[in-house]
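What you see below is based on every heavy atom in this structure, not just the backbone, and it leaves out hydrogens, waters and symmetry mates. Along the sequence shown, residues carry numbers from 1.
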Amino acid sequence: MEAMRQASATAPAGKPGPDRHGQPNFVELFTPKLVTVLREGYRWPQLRADAIAGLTVAIVALPLSMAIAIASGVSPERGLYTAIVAGFLISALGGSRFQIGGPAGAFIVLVAATVHRHGLDGLLLATMMSGIFMLLAGYLRLGTYIKFIPYPVTVGFTAGIAVIIFASQLKDLFGLTLQGGEPGEILEKLAVLVEAAPSMNAAAVAVAALTVGTIIGLKRLRPGWPGMLVAVAAASLVTAFLALPVETIGTRFGGIPRSLPLPSLPSFDGGLMLAVLPDAIAFALLGSIESLLSAVVADGMTGRRHRSNCELVAQGIANIASAVFGGICATGTIARTATNVRAGAHGPVAGMLHALFLLGFMLVAAPLASYIPLAALAGVLAVVAWNMIEKHAFAALIRSSWGDALVLLVTFLLVIFRDLTEGIVVGFALGAVLFIDRMSKAIAVEAQMPPPLDDVADDANGDRAAYPAESASDPHTVIYRISGAFFFGAASTVGTVLDRIADQRQNFILDCSAIPFLDSTAASVIEGTLRKAKRAGVRFFIAGASQQTRRMLIAHNVRPPRVRFKATIDGALRQIRDEERRGRMHRSGMDEH
């Protein structure tokens, strides 16, 4: 307590400190990083660094936002609305210094499916509802638990999403003409695309190849250049000057508007709300995972720490605002966040400026977007899909263990062939079961003999004499040591061992000093062992139990005088010897009388 008071006394003025339990208080947990950065002092050098980084990210986000929107089944300006409105709020209110928010490739599958089932009104309503869910999750402090999703699950669903994104771009990559609508299921989609192969447009293939080649080439030769923007601009110029017969944003969508729309609420129809509820939950789950993963990546690159619950609150507000302005789902984006860090951003102002730069593009250069070929944007997303797959991590997990490989492949295949949410849930459940199995095998129960009852003096020459065999241990006392987490997964194994020996000696010492965690099932097992020992007249000692372990045991009636708690095994042995000595003295007194 004194150390805590000293820490509070030395804390900067105006900065909230921990509560009386040593935990961050409510204000500290939900203070945006923008406020933290401004408190530290914000001058022209920091603003200049943020402006350069914001412009760099805006150049990357410009073609990407439109490409993601088109792939999601909506018009390209809705991707820009999302990047501008949600991107500004995520940076201004979020718990990460470097997070860049906007439309993400991970949402393409879910958004496209929602638009197909419920139309644009259903999408906007689901987006707003997901924002409310994320807002509540942040205030309920659930952000701390999202990090418990196993790594093989995140790698698997990211790779699965990448495969689906690439499959969704095949139509525009090859300029195919379909007789009907494009199916959502990947196997049906591929069958329809193969059937439409004779309609392939060579000009579209050339434009897509030019785009992909330019991005890859610039990444190797000029890694500091904005490869995606240069590639899209070059493809647009070639298409316009050569009058190539390829579809563009102008021919399909009629261009993009030059301003943000007026805010308006989506229709709150009860039936529609119920229908889009699963989609809203999926948006909230995926958005929370993606945003916090992105924040963790930024932390790893910079050595900073984000506030996970504050970040979820910002994501929730941003998605609500995105729906009000006609945008789609938003989240923190790993690629744009990493670009922001590498560009030298100082704090959240960079993300806010990135949104303002995109708004400036809409106000000034929106008509130019009409000339962008859809094949070029498909090429951009093909590169994005390839980069989304963590190839080294995928291969490492396949080689590491059969359990990790199983979780990875099940998640990967379910995302591709079934459903994204189903893939995450099943992968998480499978990972949890494997973890429980591994932890249950990690626990050990070891029998120990008590130390010698009496020390043996050295002889006259200083040589140490051997202990007599009869005094090497106390035959009436047994010590058992449990090492590892003692929980329901290991309760049956440990309980069987304890039951076998609980009534075999006069004194039973259970060493709990190596138990980091004990749950109610384990406490119940110990209580059952205690009952058996008491019926046999055995004295029961528990040594080395932590405060948390002791509280759990006492709650399950493993308490004095039924059991005796000692800090160490030596303390338990001393009490046993003292009681036996008193017993012998008492019996001697009775014999004399």
Side-chain angles (χ1 to χ4, degrees), residues 56-80 82-83 87 100 102-109 111-112 158 161-176 201 203-240 244 246-253 256 328 333-339 354 357-358 361 365 368-389:
T56 303
V57 176
I59 290 172
V60 173
L62 178 60
L64 202 53
S65 299
M66 292 188 289
I68 290 172
I70 293 172
S72 301
V74 296
S75 53
E77 72 271 10
R78 297 193 181 275
L80 293 176
T82 308
I100 300 295
F107 277 111
I108 288 176
V109 180
V111 173
T158 302
I161 290 169
V163 172
I164 295 175
I165 290 174
F166 182 77
S168 70
Q169 298 308 299
L170 291 175
K171 173 180 174 292
D172 288 330
L173 280 171
F174 294 99
L176 301 177
N201 184 337
V205 175
V207 169
L210 172 65
T211 304
V212 173
T214 303
I215 294 173
I216 296 174
L218 287 178
K219 184 177 181 180
R220 293 182 178 178
L221 302 176
R222 293 289 186 271
W225 288 21
M228 290 184 180
L229 185 62
V230 171
V232 171
S236 302
L237 289 173
V238 170
T239 300
L244 296 178
V246 296
E247 201 170 14
T248 65
I249 287 179
T251 58
R252 182 182 291 185
F253 301 103
I256 62 174
I328 60 177
T333 56
I334 295 176
R336 276 161 272 175
T337 298
T339 301
H354 128 271
F357 285 131
L358 289 175
F361 169 80
L368 297 177
S370 299
Y371 298 98
I372 297 176
L374 297 181
L377 294 180
V380 168
L381 284 180
V383 174
V384 168
W386 174 255
N387 291 334
M388 280 180 68
I389 301 175

Check: Are the side chain of Thr82 and the backbone N or O of Ile328 linked by a donor-acceptor pair below 3.5 Å?
Finding: yes
Item checked: Minimum heavy-atom distance Val246-Pro373, with the two atoms named -> CG2-CB, 4.2 Å
Notebook entry, point to check: To the nearest 0.5 Å, how far apart are CD1 in Ile100 and OG1 in Thr339?
Noted result: 9.0 Å
Check: Taking side chain as C-beta onward, heavy atoms only, is Leu80 less than 4.5 Å from Pro76?
Finding: no
Next item on the list: Would you check if Thr248 and Thr251 make a side-chain contact, meaning some heavy-atom pair closer than 4.5 Å?
Entry: yes
Notebook entry, point to check: CD1/Ile372 to CG/Leu237 distance, rounded to the nearest 0.5 angstrom?
Noted result: 10.5 Å
Notebook entry, point to check: Of all heavy-atom pairs between Ile161 and Ala106, which one has the smallest distance, and what is that distance?
Noted result: CG2-CA, 3.6 Å
Notebook entry, point to check: Given side chains that start at C-beta, do those of Ile249 and Leu377 come closer than 4.5 Å, heavy atoms only?
Noted result: yes
Margin query: Counting C-beta onward and ignoring hydrogens, is there a side-chain heavy-atom pair between Leu170 and Leu176 closer than 4.5 Å?
Written below: no
Notebook entry, point to check: Any side-chain heavy-atom pair from Leu229 and Leu62 closer than 4.5 angstrom?
Noted result: yes
Notebook entry, point to check: Do Val232 and Ser236 come close enough that some side-chain heavy atom pair is under 4.5 Å?
Noted result: yes
Check: Which heavy-atom pair separates Met388 from Thr158 by the least distance, and what is that distance?
Finding: O-CG2, 3.3 Å
Checklist line | Residues forming a side-chain hydrogen bond (donor to acceptor under 3.5 Å, both in side chains) with Thr56, sequence neighbours excluded | finding: none
Next item on the list: Quick one: pull up CG in Leu381 and CD1 in Ile108 and give me the separation to the nearest 0.5 Å.
Entry: 5.0 Å
Note to self: If the condition is salt bridge (charged side-chain N to carboxylate O under 4.0 Å, His left out), which residues does Arg222 pass it with, not counting sequence neighbours?
What the structure shows: none
Check: Tell me, do Val230 and Ile215 make a side-chain contact under 4.5 Å, heavy atoms counted?
Finding: no
Notebook entry, point to check: Quick one: CG on Asp172 to CG on Asn201, what's the gap to the nearest 0.5 Å?
Noted result: 10.5 Å
Check: Val238 and Leu210: side chain to side chain contact (heavy atoms under 4.5 Å, CB included), yes or no, with the steps?
Finding: CA-CA 10 Å; Val238 170; Leu210 172 65; 4.0 Å; yes
Checklist line | Donor-acceptor contact present, side-chain Thr337 to main-chain Ile334, <3.5 Å | finding: no
Next item on the list: Over all heavy atoms of both residues, which pair between Thr211 and Ala231 is shortest? Give the atoms and the distance, please.
Entry: O-CB, 3.6 Å
Check: At their closest point, which heavy atom of Ile389 faces which heavy atom of Ala162, and how far apart are they?
Finding: CG1-CB, 3.4 Å
Next item on the list: Using side chain to side chain contact (heavy atoms under 4.5 Å, CB included) as the criterion, list what pairs up with Ala61, not counting sequence neighbours.
Entry: Ser65, Arg336, His354, Leu358
Next item on the list: Give a yes or no on whether Phe357 atom CZ has more than 12 heavy-atom contacts from other residues, nucleotides or ligands under 6.0 Å away.
Entry: yes
Notebook entry, point to check: Do Val383 and Lys219 have side-chain heavy atoms sitting under 4.5 Å apart?
Noted result: no
Checklist line | Taking every non-hydrogen atom, the tightest pair across Ile256 and Ala369 | finding: CD1-CB, 3.7 Å
Notebook entry, point to check: Could you go step by step and tell me if Leu173 and Phe166 meet the side chain to side chain contact (heavy atoms under 4.5 Å, CB included) rule?
Noted result: CA-CA 10 Å; Leu173 280 171; Phe166 182 77; 4.1 Å; yes
